[in-house]
Amino acid sequence: MKKTSFENSLHPTVSIRGADVYKGALNRAAQEELLALVRKIVQAAPLYQPVMPSGRKMSVRMSAAGEFGWVSDAKGYRYASVHPLGMPWPAIPELILRLWDQVSGCSRHPECCLINFYSPDARMGMHQDNDERDFTAPVVSISLGDDGLFRVGNTTRGGKTESLWLRSGDIVVLGGEARLAHHGIDRIRAGSSDLLQNGGRLNLTLRVVT
Ligand code: MD6
Ligand code: FE
């Protein structure tokens, strides 16, 4: 079988406000392999549209793999051990764990692989990933499909921010001082990738939860 690019060693190529970005970490074969794994996950645990505590619907659709999925509804944000429809979350595929091992510098394994799907008009407001217990473990994100404009700010709200287009196959590691940096996705560049047959962007975020 064709060697996936991450069986070679990976090195960050860009840093924005302390977030390490591995541009082009995954070659096309690796992206396709990951996409097939994501399809299997969402067949078992379908993408759903989360509602924020404010009552507004999020524009992304979500699912997850692992012991926990991050969910949002009228009651608030939390990690849950079952999908909102009641089924257990599928296990995190081995390939994704190997990727984590290559870039995380963390001896623990992720307990959540959150899956976000963006149609061309979806976005993700500025937020912190702070529902986890152990902030010494980084958050690792993998982008597939259309380009997304990623913005990174500060640990506190407001202040200076920097933006970078994330392309299919890019990996971001938020660790160290940047672990609690605010970040979001401002927009999607429709049609910029042909990885997903019907377009859109997938982002996988891997987190140690407990
Ligand atoms: C996204 N990413 O790329 C949203 N969180 O669609 C995130 O929210 C994120 O990229 C923590 C660490 C890296 C990320
Ligand atoms: Fe995040």
Side-chain angles (χ1 to χ4, degrees), residues 10 12-23 25-26 31 34-35 38 42 47 49-50 52 58-64 66 68-72 77-79 96 99-100 102-106 110-155 157 161-190 192-193 195-196 199-209:
L10 294 175
T13 51
V14 194
S15 166
I16 68 163
R17 304 192 74 72
D20 282 330
V21 184
Y22 296 66
K23 296 295 289 176
L26 306 173
Q31 293 170 39
L34 271 176
L35 179 60
V38 172
V42 301
L47 290 166
Q49 188 158 35
M52 293 182 282
M58 293 182 78
S59 58
V60 298
R61 291 194 294 146
M62 284 187 184
S63 186
F68 301 100
W70 184 90
V71 300
S72 177
Y77 307 130
R78 65 196 172 279
Y79 281 100
I96 294 177
L99 202 42
W100 166 273
Q102 285 237 355
V103 300
S104 69
C106 179
E111 298 161 305
C112 175
C113 171
L114 183 69
I115 299 171
N116 287 314
F117 174 75
Y118 296 74
S119 53
D121 57 354
R123 57 187 290 282
M124 171 88 63
M126 293 293 279
H127 67 277
Q128 275 177 309
D129 286 26
N130 62 5
D131 295 320
E132 302 76 30
R133 294 213 161 182
D134 179 3
F135 297 135
T136 66
V139 182
V140 171
S141 102
I142 305 165
S143 293
L144 295 172
D146 285 342
D147 303 351
L149 186 58
F150 184 61
R151 184 209 293 260
V152 187
N154 308 285
T155 304
R157 277 197 155 279
T161 66
E162 278 183 74
S163 298
L164 176 82
W165 282 99
L166 293 179
R167 309 206 66 188
S168 196
D170 292 351
I171 296 178
V172 178
V173 180
L174 280 190
E177 295 282 291
R179 173 64 180 76
L180 291 169
H182 285 79
H183 57 276
I185 294 287
D186 288 343
R187 60 195 171 93
I188 302 299
R189 200 145 58 189
S192 47
S193 165
L195 185 73
L196 278 68
R201 173 174 184 267
L202 280 167
N203 180 261
L204 312 180
T205 50
L206 303 169
R207 307 186 183 97
V208 173
V209 174

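Just the heavy atoms: all of them, side chains too, but no hydrogens, waters or symmetry mates, feed the values below. In what follows, residues are counted from 1 in the order of the sequence shown. In listed order, ligands and their atoms are each counted from 1.
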Worksheet item: Do any heavy atoms of L174 fall under 4.0 Å from ligand 1?
Response: yes

With respect to [X], determine whether any N or O atom, backbone or side chain, lies less than 3.5 Å from an N or O atom of ligand 1.
{"X": "R201", "value": "yes"}
{"X": "D129", "value": "yes"}
{"X": "S141", "value": "yes"}
{"X": "T205", "value": "no"}

Which of the numbered atoms in ligand 1 are under 4.0 angstrom from any heavy atom belonging to [X]?
{"X": "F150", "result": "10 (O)"}
{"X": "I185", "result": "1 (C), 3 (O), 4 (C), 6 (O)"}
{"X": "Y118", "result": "1 (C), 4 (C), 6 (O)"}
{"X": "H183", "result": "5 (N), 7 (C), 8 (O), 9 (C), 11 (C)"}

Report yes if the side chains of [X] and [Y] come closer than 4.5 Å at any heavy-atom pair, otherwise no.
{"X": "L149", "Y": "R151", "value": "no"}
{"X": "Y79", "Y": "L114", "value": "no"}
{"X": "Q102", "Y": "Y22", "value": "no"}
{"X": "F117", "Y": "L196", "value": "yes"}

Worksheet item: Among all protein non-hydrogen atoms, which one is nearest to atom 2 (N) of ligand 1, and what is the separation to 0.1 Å?
Response: N203 OD1, 3.6 Å

Discussion item. Checking H182 against H127: is there a side-chain donor and acceptor pair closer than 3.5 Å?
Written reply: no

Item to complete: Output yes when R167 and D147 qualify as a salt bridge under the 4.0 Å nitrogen-oxygen rule, no when they do not.
Response: yes

Worksheet item: Is the closest basic N to carboxylate O distance between E132 and R179 below 4.0 Å?
Response: yes

Response to the item:
The atom of D129 among N, O or S that is nearest the Fe ion (ligand 2) is OD1

Worksheet item: Out of H182, H127, R179, M124, whose heavy atom sits nearest atom 8 (O) of ligand 1?
Response: H127

Worksheet, complete the sentence: The side-chain contact (heavy atoms from CB on, under 4.5 Å) partners of L195 (sequence neighbours excluded) come to R28, Q31, E32, L35, L144, S168, S193

